[in-house]
Amino acid sequence: MGEGSIPLLRFWRRLRALRAYMRAERVDEITRRYLVMNAFDGALAILSVIVSAYFAVGVQEPSFIVAVGLANAMAMGISGFTGTFMTERAERRRRLKELEQAMLTSLENSEFGRVPLVASIYAALVDGLAPMISAVISLSPFIAAMFLPLPMSLAVYVALAVNMSTLFALGAFLGRVSRDNIALSGLKMVLVGIATALLCTMLKTF
């Protein structure tokens, strides 16, 4: 084994050890919840923007819906990243200190001691990106309509179909995780979306 491969081997060993500690701390399970919850929030937020702007207010410019939708998604992403990072960091630092007190030794320079920072960044990235990605997916027909000669009504109905498909996929994913009926779990999410859309259309009466 060459000398150059030794540092790389050490790096991979440390990475595997860190990954093992993160699994022990159930980081994947926590971030999975963040992923679904915030992607769901992002999809519902964009759904409310689309329905309110087009059906309640009568907006005919796709750029307006894209601008408002992206602004909401960006705000949710920044809020999700900062809030999750600070919360996860505080909780994991507390757990690390409790473990240090029980073991009567410092774990700051150990692989386990690096878990609070790495896990917090990982969870925060998932939390921040999830609503933004789901928002962009739902807004994609309007983005296309900004550059292509697509009727506004077509962009709206395609966006609603994409949004409902996103909600169904998130519900189906939860059904798979919980080992429940995948189709039923997906339909439950779609029903929430339909209820949200109906409530937003009621704004037209005010």
Side-chain angles (χ1 to χ4, degrees), residues 18-19 21-53 62 65-93 114-144 155-156 158-197 199-200:
L18 181 60
R19 184 62 184 159
Y21 285 126
M22 289 180 67
R23 281 197 298 267
E25 289 291 293
R26 307 179 77 173
V27 176
D28 286 339
E29 180 181 328
I30 294 171
T31 51
R32 186 169 60 213
R33 289 198 292 265
Y34 284 140
L35 172 65
V36 176
M37 285 189 302
N38 290 282
F40 179 70
D41 288 346
L44 280 188
I46 298 305
L47 177 62
S48 66
V49 169
I50 295 171
V51 174
S52 299
I65 294 179
V66 171
V68 174
L70 289 180
N72 284 345
M74 187 178 300
M76 292 178 65
I78 294 173
S79 173
F81 180 86
T82 54
T84 299
F85 178 78
M86 295 175 67
T87 302
E88 286 291 323
R89 177 81 166 153
E91 288 291 336
R92 294 185 182 281
R93 289 289 299 171
R114 296 183 180 91
V115 169
L117 178 60
V118 176
S120 299
I121 294 175
Y122 177 50
L125 283 173
V126 171
D127 197 321
L129 290 175
M132 298 180 69
I133 292 173
S134 66
V136 170
I137 292 173
S138 294
L139 289 171
S140 58
F142 296 104
I143 297 174
V156 168
V158 171
L160 291 176
V162 171
N163 188 277
M164 293 299 169
S165 298
T166 301
L167 293 176
F168 182 86
L170 291 171
F173 177 75
L174 288 181
R176 184 175 180 273
V177 170
S178 61
R179 299 179 181 178
D180 290 331
N181 188 299
I182 293 177
L184 182 60
S185 182
L187 287 174
K188 288 179 181 178
M189 285 287 202
V190 172
L191 288 175
V192 174
I194 293 174
T196 301
L199 287 173
C200 290

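Just so it is clear, the model here is predicted, and its values are computed rather than measured.
Phe168 and Ala183 get closest at one heavy-atom pair: CE1-O, 3.6 Å. Looking at every heavy atom in both residues, Ser79 comes nearest to Thr82 through O-OG1, 3.3 Å. The nearest pair of heavy atoms linking Met74 to Met132 is CA-CE, 4.3 Å. Nearest heavy-atom pair, Val162 versus Pro141, reported as atom, atom and distance to 0.1 Å: CG2-CG, 4.5 Å. The two atoms that bring Gly42 and Met76 nearest to each other are N-CE, 3.6 Å, heavy atoms only. In terms of heavy atoms, Gly69 sits closest to Val49 at N-CG1, 4.3 Å.
Here the side chains of Val156 and Phe142 are in contact, with some heavy-atom distance below 4.5 Å. Residues Leu44 and Asn163 fail the side-chain proximity criterion, which asks for heavy atoms closer than 4.5 Å. Side-chain atoms of Thr166 and Met189, non-hydrogen and from C-beta on, never get closer than 4.5 Å to each other. Counting heavy atoms from C-beta on, the side chains of Val192 and Leu167 never come closer than 4.5 Å. Two residues are said to be in side-chain contact when any heavy atoms from C-beta on lie closer than 4.5 Å; Asp127 and Met37 fail this criterion. At a threshold of 4.5 Å between non-hydrogen side-chain atoms, the residues Leu160 and Val51 count as touching. Here the side chains of Thr84 and Leu125 are not in contact, with every heavy-atom distance at 4.5 Å or above.
Although no hydrogens or angles enter the test, the distance criterion places a donor-acceptor pair under 3.5 Å between the side chain of Ser48 and the main chain of Ala45. Remark: the backbone N or O of Gly171 is paired with a side-chain donor or acceptor of Ser185 at under 3.5 angstrom. Remark: the backbone N or O of Gly83 is paired with a side-chain donor or acceptor of Thr87 at under 3.5 angstrom.
With rounding to the nearest 0.5 angstrom, the CG atom of Leu187 is 12.0 Å from the CE atom of Met164. Of the inter-residue distances, the one linking Leu129 atom CG with Ser134 atom OG reads 10.5 Å to the nearest 0.5 angstrom. With rounding to the nearest 0.5 Å, the separation of CG in Leu170 from CG in Leu35 is 7.5 Å. In this structure, SG on Cys200 lies 10.5 Å from CD1 on Ile50, to the nearest 0.5 angstrom.
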